[in-house]
There are 2 protein chains.
Amino acid sequence: MESCSHFDIDKLAKVMKILSEPNRLNILCSMGLECTPVSAIIAATGLSQTNVSFHLRIMREAGLVKGERRGAFIYYCLYDTTLLEVLENMSQWMDDSQKKAFA
Amino acid sequence: MESCSHFDIDKLAKVMKILSEPNRLNILCSMGLECTPVSAIIAATGLSQTNVSFHLRIMREAGLVKGERRGAFIYYCLYDTTLLEVLENMSQWMDDSQKKAFA
DNA sequence: TGCGCATATGAGTGATAGCGCATATACTAG
DNA sequence: CTAGTATATGCGCTATCACTCATATGCGCA
């Protein structure tokens with residue numbers, strides 16, 4: 001029935017949902033390619049500690065991010081660092097698409 | 001502060017949110033590259049008329065989709081047909097990412 | 001062992017999203 | 001003009017989400 005049966009819509013929707021939260025995107029961005037302690041994320045984003053932990057858990061359980069303990073700190077990093085490229089591509093597509101609309 | 005300041009996080013989040021609904025993704029897929037009357041979308045997805053209209057409005061207002069009247073019918077089509085490729089890329093990335101996780 | 005810092009978790013809350021029902025609007029045919 | 005079909009919209013309900021507060025856990029240090 002659908003022309004795009006070659007990919008799993010529900011799985012795609014779940015990942016998209018996780019990436020549809022500005023605070024989560026900010027957290028991902030603030031991590032960048034390096035592993036970063038939670039406190040640094042808190043400082044970079046200005047979000048509350050609880051809130052950052054809340055979002056990190058969601059992304060961790062989705063396999064987007066992983067956290068490893070180093071002494072008293074827990075360092076979080078992207079599970080697959082190409083995620084940032086994916087976001088960038090998406091953003092680029094939005095710009096291009098918008099340009100097309102006004103052409 | 002963020003390493004990816006070159007794209008608009010809020011705008012990205014909004015589009016992602018719209019694409020994070022399985023029914024909406026199904027609707028987009030069922031349209032494919034062709035303009036399709038609402039009734040055909042209803043038939044293809046099995047969703048209620050009200051529900052399809054509801055989702056179409058959201059995607060229309062977001063500029064993902066446009067509808068044009070042809071007689072009694074309203075034909076909907078992708079505003080930018082490359083959207084399907086974007087979804088496909090995203091889906092592909094998810095698969096690759098998952099493979100990496102188990103390597 | 002006990003204190004303090006870093007982070008996680010559970011409960012509760014307000015806002016929002018998705019959905020169905022009923023109804024309205026736009027168009028066509030007779 | 002009327003009846004029927006195609007689609008949109010307003011309202012109300014429920015589930016889910018993002019968030020906060022309070023508290024728990026894990027670690028290092030005195």
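To find a chain, count down the sequence lines: A is the first, B the second, and so on, and within it residues start at 1.
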Please determine if A:Glu68 and A:Lys66 form a salt bridge, counting it only when a charged side-chain N lies under 4.0 Å from a carboxylate O.
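Salt bridge: no.
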Salt bridge or not between B:Lys11 and A:Asp95? Use side-chain N to carboxylate O under 4.0 Å.
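Salt bridge flag = yes for A:Asp95 with B:Lys11.
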Phosphate OP1/OP2 of D:dA6 contacted by B:Ser39 side-chain N/O (<4.0 Å)
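So the side-chain polar atoms of B:Ser39 never come under 4.0 Å of the phosphate oxygens OP1 or OP2 of D:dA6.
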Phosphate OP1/OP2 of D:dA6 contacted by B:Arg69 side-chain N/O (<4.0 Å)
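Looking at the OP1 and OP2 atoms of D:dA6, neither is under 4.0 Å from any side-chain N or O of B:Arg69.
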Does any residue of residues 49-62 of chain A have a heavy atom under 4.0 Å from DNA chain C, and if so, which ones, in number order?
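By residue number: A:Gln49, A:Thr50, A:Ser53, A:Arg57, A:Arg60.
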Linking Ile, Leu, Val, Met, Phe, Trp and Tyr through side-chain heavy atoms less than 4.5 Å apart, which residues share a cluster with B:Phe73?
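Joined to B:Phe73, directly or through intermediates: B:Tyr75.
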Side chains of [X] and [Y]: does their closest heavy-atom pair fall under 4.5 Å?
| X | Y | answer |
| --- | --- | --- |
| B:Met16 | A:Met90 | yes |
| A:His6 | B:Ser91 | no |
| A:Val65 | A:Leu28 | yes |

Tell me which residues in residues 70-79 of chain B lie within less than 4.0 Å of DNA chain D, going by non-hydrogen atoms.
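Going residue by residue through residues 70-79 of chain B, the ones with a heavy atom under 4.0 Å of DNA chain D turn out to be B:Ala72, B:Phe73, B:Ile74, B:Tyr76.
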Within this structure, what is the [atom1]-to-[atom2] distance between [X] and [N], rounded to whole angstrom?
| X | N | atom1 | atom2 | value |
| --- | --- | --- | --- | --- |
| A:Ile42 | C:dT7 | CD1 | C1' | 8 Å |
| A:Lys14 | D:dT16 | NZ | P | 13 Å |
| A:Ile41 | C:dA6 | CD1 | C1' | 13 Å |
| A:Glu68 | D:dC27 | CD | C1' | 16 Å |
| B:Asn26 | C:dG18 | CG | P | 14 Å |
| A:Ile27 | D:dA18 | CD1 | P | 11 Å |
| A:Leu47 | D:dA18 | CG | C1' | 11 Å |

Closest contact, heavy atoms only, A:Gly32 versus A:Leu78
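The answer is O-CD1, 3.5 Å.
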For A:Ile41 versus A:Ser30, what's the shortest heavy-atom pair and its separation?
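Closest heavy-atom pair between A:Ile41 and A:Ser30: CG2-OG, 3.9 Å.
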Could you give the distance from [atom1] ([X]) to [atom2] ([Y]), rounded to the nearest 0.5 Å?
| X | Y | atom1 | atom2 | value |
| --- | --- | --- | --- | --- |
| A:Leu19 | A:Met59 | CG | CE | 8.5 Å |
| A:Lys99 | B:Asp80 | NZ | CG | 12.5 Å |
| A:Leu84 | A:Cys29 | CG | SG | 6.5 Å |
| A:Gln92 | B:Leu12 | CD | CG | 12.0 Å |

Quick one: which protein N/O atoms are closer than 3.5 Å to N/O atoms of nucleotides 12-14 of chain D? Pair and distance per line, please.
none

Tell me the side chain to side chain donor-acceptor pair (under 3.5 Å) pairs involving residues 35-52 of chain A, sequence neighbours left out?
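Sorted result for residues 35-52 of chain A: A:Asn51-A:His55.
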Donor on one side chain, acceptor on other, B:Tyr79 and B:Arg60, under 3.5 Å:
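Distance-only check fails for B:Tyr79 and B:Arg60.
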Assuming nearest nucleotide by heavy-atom distance, tell me which of A:Arg24 and B:Pro37 is located more 5' along DNA chain D.
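Closer to the 5' end of DNA chain D: B:Pro37.
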If the helix axis at each end comes from five base pairs, how far does the helix from C:dT1-D:dA30 to C:dG30-D:dC1 deviate from straight, to 10°?
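Computed from the C1' atoms at both ends, the axes differ by 20°.
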